[in-house]
Amino acid sequence: MSDVHYRTCNLCEAMCGVAIEHENGQILSIKGDKNDVFSKGHICPKATALQDIYEDPDRIRQPIERTKDGWREISWNEALDKASAGIKALQSQYGNNSLGVYLGNPNVHNLGGMLTIKHILHALQTRSRFSATSIDQLPHHILAYHLFGHQLRIPVPDINRTHHMMIIGGNPVASNGSIMTVANVKQKLKDIQSRGGKVVVIDPRFTETADVASEHHFIRPGTDVFLLAAMLNEVFEHGYQKENKATALCDDLNELKTMVADITPEIAAKHTGLSAEEIRRLVREFCEAETAVCYGRMGVSVQEFGLLCQYLIMMLNILTGRLDEEGGLMFPSPAIDVAQQSGPGYVGKRKTRVRGLPDFNGEYPISALAEEMLEPGDGQIKGLVTIAGNPVLSTPNGMQLEKALKETEFMVSIDYYLNETTQHANIILPPVSALQQEHFDLSFHALAVHNTAKFSSTLFKPSASERQQWQIFIALAQRLQPQVNLSTRLLRQLTVWFGPKFLLNSLLKRSRYKNLSIKKLLKHPHGIDLGALKSQLPSVLKTKDKKIHLNIEFYKADIQRLKSKLNQLESEDSSIDSKILLIGRRHVRSNNSWLHNSRRLVKGKSRCTLMLHPDLAKAKGIEEGDTVRVTSRVGEVLIAAEITEKIMPGVVSIPHGWGHNKKNSQLGVASTVAGVSLNDLTDDQMIDKLSGNAAVNGVVVTLERVNQASAVAPEINDQVEIAH
Ligand SMILES: Nc1nc2c(c(=O)[nH]1)N[C@H]1C(S)=C(S)[C@@H](COP(=O)(O)OP(=O)(O)OC[C@H]3O[C@@H](n4cnc5c(=O)[nH]c(N)nc54)[C@H](O)[C@@H]3O)O[C@H]1N2
Ligand SMILES: Nc1nc2c(c(=O)[nH]1)N[C@H]1C(S)=C(S)[C@@H](COP(=O)(O)OP(=O)(O)OC[C@H]3O[C@@H](n4cnc5c(=O)[nH]c(N)nc54)[C@H](O)[C@@H]3O)O[C@H]1N2
Ligand code: SF4
Ligand SMILES: [Mo]
């Protein structure tokens, strides 16, 4: 007899409920759970990957060690002993900070890992910490810290009730939303229009989201900051400001007026590609709408003015009375308030050794990792621990990082794939896959557009020889740092005995919602509905005086940089092929770099193509399917051309996360659809100076048609020199 298991898919931020039919340890089907209180039956094609990852013969199930004769399986005890001995030896020779740590994206999707990561981070005793945050949402955290007093106090669009949504640099129909946990976003965007509202998309590509929007505007990559400043300017010009509870809690908002005074819609029009009239109309419609919200995501976060862009977006929302209002930008009320469980954050306490880039909350910008490993001298990073990350494909100038990893003296990876990054490790410690874990979305309930709570139990029990991520963390911490104070010792021991579930349960017991517990959640396998977003100012604030601090001086300082950029643009030739700008893209059947080993997801036409506009193609003599050499300051790739009007002339796009052609990976399926890595072109020196966030959108490239009709050369990465 088959059975149905209900759980939340943890592959992306959308928290879809899935119904998994299974029999005798075999999965028969994965469908959307129609009764799920949050997602109501919606899933995307990636849900099937839950099965594919679980069954993948390439997924590592036992620790492995790299030897002269290749990889060999070793026992957990041997692996953990060797990993900790290697780390200790490195640190005693070169100092604690000679060990780098990189945390990748799936860490925030792993319940046990999240509840126990402090043990391993503490035991590693290094300040050389990096993560995917600084090629992603770092601006959101800095902004939340500055304005609302905590890095995790992040308001989200009230998409369910808004009448006007302006989306700048986000493609939620493909990505399923980010810093806005929402299932079936496509329907929700249609619903806005059905209730008489409008969805405006501003993006250098006519994306899948643009396709369902009311209107779309192309924008030249990296120029959003001018558009947003001009929009604020226009708000002041026309007196569109609206007072509400949020504005009453702010410092003097009029100070913003001088900040943006010089950036008129005419100036923005010159560089963005939108006309001054369009900009004025967009502002008017936004301000006149019954409810409205402006939402900016990766496209504006990972560019040279990432933080200033996010600041201006927030100011637009605040100034026009949209913060903490229904249909505007609202704070979720999750069952577990993650902001109560962690420190508020801090900006720029330390600087990186080589380039002097600021840290945030103890993490340095990822763009600095490779140079910190390659540049000799005191404080050089000589060894690395990666946890759920693939920075060779995911971070700027991936080949430079690859070079650094080849030279590293000792490396441990906690990961279940032997991929472009982990192949450089000495020891790989593999945790179990998603279906073998319990799940509760600590991170994404807190960013959700509707308040719910759901606990998923384990579908397949791990075998005696497999380990949960948290078990690896604790076991490694015990070896690295056996002498700890009594409370840490106790906490480690209790976690070993009861699993991190007891921690979750105690957090639920302290929830703002009464009578919550794992036991209660287990009785509701489709989740518990906790209601729509509610207005929460000022109690939601974590600032000491319960006020919103604009920190205007910090952001004003960046206006000088904006003006230099403006001068630079003024002096540039604006013909279509004089300065070609590269951007990324996401596809609904993919997830960063690590779902390409699922045959069901990668089948069909290659998706790793160079998108370019017919006018640009013509100017460069490129035809559909031609192999094109794309060159940036740091590298080059050969890739097939896909000519489409759905991209702005003068802009090209390559999806990130491909490039599975490295010799020593063990990715049977992915290696047959290798593609090339976008991050072999993105530049580690191109950052948002204000935040330290990577700037991977708007990279200057040149194109050259290669006179061979065949597809991408298989080992291209090995032939390319890194230019410095
Ligand atoms: N050019 C460009 N680069 C980008 C982006 C972009 O838009 N453009 N996007 C950026 C963004 S938003 C992100 S978040 C980063 C992602 O950057 P990373 O997190 O470094 O890369 P991923 O591809 O997500 O790799 C995840 C790794 O975790 C492993 N893994 C999966 N699940 C688990 C688990 O439960 N436990 C453990 N231990 N390992 C697991 C996988 O095998 C894989 O090796 O990439 C960034 N890179
Ligand atoms: N299918 C799928 N889903 C995913 C992921 C995935 O890899 N695949 N990754 C997950 C992760 S880790 C994250 S962080 C989220 C990201 O979620 P999103 O931010 O929604 O994802 P992107 O597709 O990167 O959207 C960025 C958009 O910005 C546009 N853009 C690029 N440069 C600029 C610019 O200069 N200005 C403007 N205005 N727009 C620009 C791009 O064309 C693109 O449409 O997605 C998550 N979901
Ligand atoms: S959108 Fe797809 S990958 Fe994301 S949670 Fe839903 S089913 Fe999973
Ligand atoms: Mo991300």
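One is the number of the first residue; the rest follow in order along the sequence. Counting starts at 1 for both ligands and their atoms, following the listed order. These figures come from a predicted structure and were not determined experimentally.
Looking at Asp136 and Arg297, a side-chain N of the basic residue comes within less than 4.0 Å of a carboxylate O on the acidic one, giving a salt bridge. Look at Arg633 and Asp684 and you find a salt bridge, because one of the NZ, NE, NH1 or NH2 atoms lies within 4.0 Å of a carboxylate O, short of that distance. Salt-bridge annotation for Lys186 and Asp211: absent, with no side-chain N of the basic residue lying under 4.0 Å from a carboxylate O of the acidic one.
Residue side and main chain included, Cys12 places an N/O/S atom under 2.8 Å of atom 4 (Fe) of ligand 3.
Residue contact annotation: Arg585 has no non-hydrogen atom under 4.0 Å from ligand 2. Residue contacts with ligand 2 include Lys46, since one of its heavy atoms falls under 4.0 Å from the ligand. At least one heavy atom of Arg586 sits closer than 4.0 Å to an atom of ligand 1. Residue contact annotation: Asn105 has a non-hydrogen atom under 4.0 Å from ligand 2. Ligand 1 does not have Gly584 within reach: every non-hydrogen atom of the residue lies 4.0 Å or more from it.
Among all protein heavy atoms, the one lying closest to atom 10 (C) of ligand 1 is Ile135 O, 3.4 Å. Shortest contact from atom 6 (C) of ligand 1 to any protein heavy atom: His656 ND1, 3.5 Å. Ranking protein heavy atoms by distance to atom 13 (C) of ligand 1, first place goes to Asn592 ND2, 4.0 Å.
In terms of polar-atom proximity, defined here as any N/O pair under 3.5 Å, Asn679 does make such a contact with ligand 1.
Contacts between Met298 and ligand 2 below 4.0 angstrom, taking non-hydrogen atoms only, involve backbone and side chain alike. Residue contacts with ligand 1, taken as heavy atom pairs separated by less than 4.0 Å, involve Ser394 via backbone and side-chain atoms alike. Contacts with ligand 2 closer than 4.0 Å are made by side-chain heavy atoms of Asp136 only, the backbone lying farther away. Contacts with ligand 1 closer than 4.0 Å are made by side-chain heavy atoms of Gln469 only, the backbone lying farther away.
The distance from ligand 2 to the heavy atoms of Asp224 drops below 4.0 Å at these ligand atoms: 34 (C), 35 (O), 36 (N), 37 (C), 38 (N).
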